[in-house]
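All values below come from the heavy atoms of this structure, side chains included, with hydrogens, waters and symmetry mates left out.
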Amino acid sequence: MVEIVNLFKSFGETQVLRGVSLTIEPQQSLGILGKSGSGKSTLLHLIGGLDEPTSGIIRVAGVDLGTSTSDARARFRLTQVGIVFQAFHLIPSKNTLENVELPLTLAGYSRPVRRRMAQEALDSVGLSHRVGHYPNQLSGGERQRVAIARAIVHKPILLLADEPTGNLDSATGATIMQLLKEQTERTRATRVMVTHDEELAKRSCDRIVRMQDGLLV
């Protein structure tokens with residue numbers, strides 16, 4: 001599913017990744033552990049096509065993201081990848097259903113089709129009763145469920161999670177992680193999660209790698 005060879009990423013004079021090589025198999029659940037500044041989120045963003053590497057090889061589902069244009073990476077994200085962030089990133093002026101529809105709108109789905117798919121995604125995360133609510137009317141756990149529904153609405157083959165429980169209490173976080181696990185098992189998607197919480201990674205992932213100073217250790 002993911003093949004990374006000697007990957008480097010710099011921001012100006014700051015080198016964040018310093019020669020990372022990694023292979024992730026289809027349907028694998030991988031946890032990337034590391035302290036703040038270790039490069040783990042940068043690596044996740046590169047896997048998701050949110051950024052381009054400075055050098056090295058990165059192929060995801062057969063797509064060479066290292067040589068792809070920004071438009072090609074955007075199409076790749078819209079069709080193949082779902083991403084769940086720590087900060088939810090819901091649009092305040094849109095209700096739950098409209099937030100979940102957003103990737104489908106950008107991908108050009110017709111209104112009836114995207115409404116049906118968004119409703120199905122919300123049903124799968126237990127929020128069918130909240131379709132007309134706005135983000136400020138939802139709890140933190142509910143907002144993260146909406147974010148998960150948005151990430152899975154187009155049935156991606158790869159689900160990425162960047163500290164998905166970082167803004168939640170421990171009980172709600174455990175519920176969210178179980179939901180992520182159930183969703184990826186149901187759709188047979190590969191799951192990659194970034195976290196600094198080792199116990200969370202051990203409970204949620206079948207493989208763990210560790211990062212320090214831009215390298216896998």
Only pairs at least two apart or in different chains count here, so list each salt bridge (charged side-chain N to carboxylate O under 4.0 Å, His left out) that has a residue in residues 74-84.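 Not a single pair qualifies under salt bridge (charged side-chain N to carboxylate O under 4.0 Å, His left out).
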Provide the full list of salt bridge (charged side-chain N to carboxylate O under 4.0 Å, His left out) pairs with a residue in residues 194-211, sequence neighbours left out, each pair given once.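 Only Glu198-Lys202, Glu198-Arg210 qualify under salt bridge (charged side-chain N to carboxylate O under 4.0 Å, His left out).
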Do Ser21 and Asn6 have a side chain donor and acceptor closer than 3.5 Å?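 There is no such pair between these side chains.
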Examine the side chains of Thr172 and Asp169 and answer whether a donor and an acceptor come within less than 3.5 Å of each other.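 Indeed, the side chains of Thr172 and Asp169 share at least one donor-acceptor pair under 3.5 Å.
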Is the closest basic N to carboxylate O distance between Arg18 and Asp213 below 4.0 Å?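 No, Arg18 and Asp213 are not salt-bridged.
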Ion pair check, Glu182 and Arg186, cut-off under 4.0 Å: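 Arg186 and Glu182: not salt-bridged.
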Would you check, one step at a time, whether the test side-chain contact (heavy atoms from CB on, under 4.5 Å) holds for Met193 with Leu200? CA-CA 10 Å; Met193 180 182 71; Leu200 178 68; 4.2 Å; yes
Side chain to side chain donor-acceptor pair (under 3.5 Å) between Thr96 and Arg130: does it pass, once the steps are laid out? CA-CA 7 Å; Thr96 295; Arg130 294 293 223 175; over 6 Å; no
Looking only at non-hydrogen atoms, find the nearest pair between [X] and [Y] and report the distance.
| X | Y | result |
| --- | --- | --- |
| Ala61 | Ile157 | CB-CD1, 3.5 Å |
| Leu97 | Gln119 | CD1-N, 3.9 Å |
| Ile152 | Ser124 | CD1-OG, 3.6 Å |

Are Met177 and Thr165 side-chain neighbours, meaning at least one heavy-atom pair lies under 4.5 Å?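 Yes, close enough: below the 4.5 Å cut-off.
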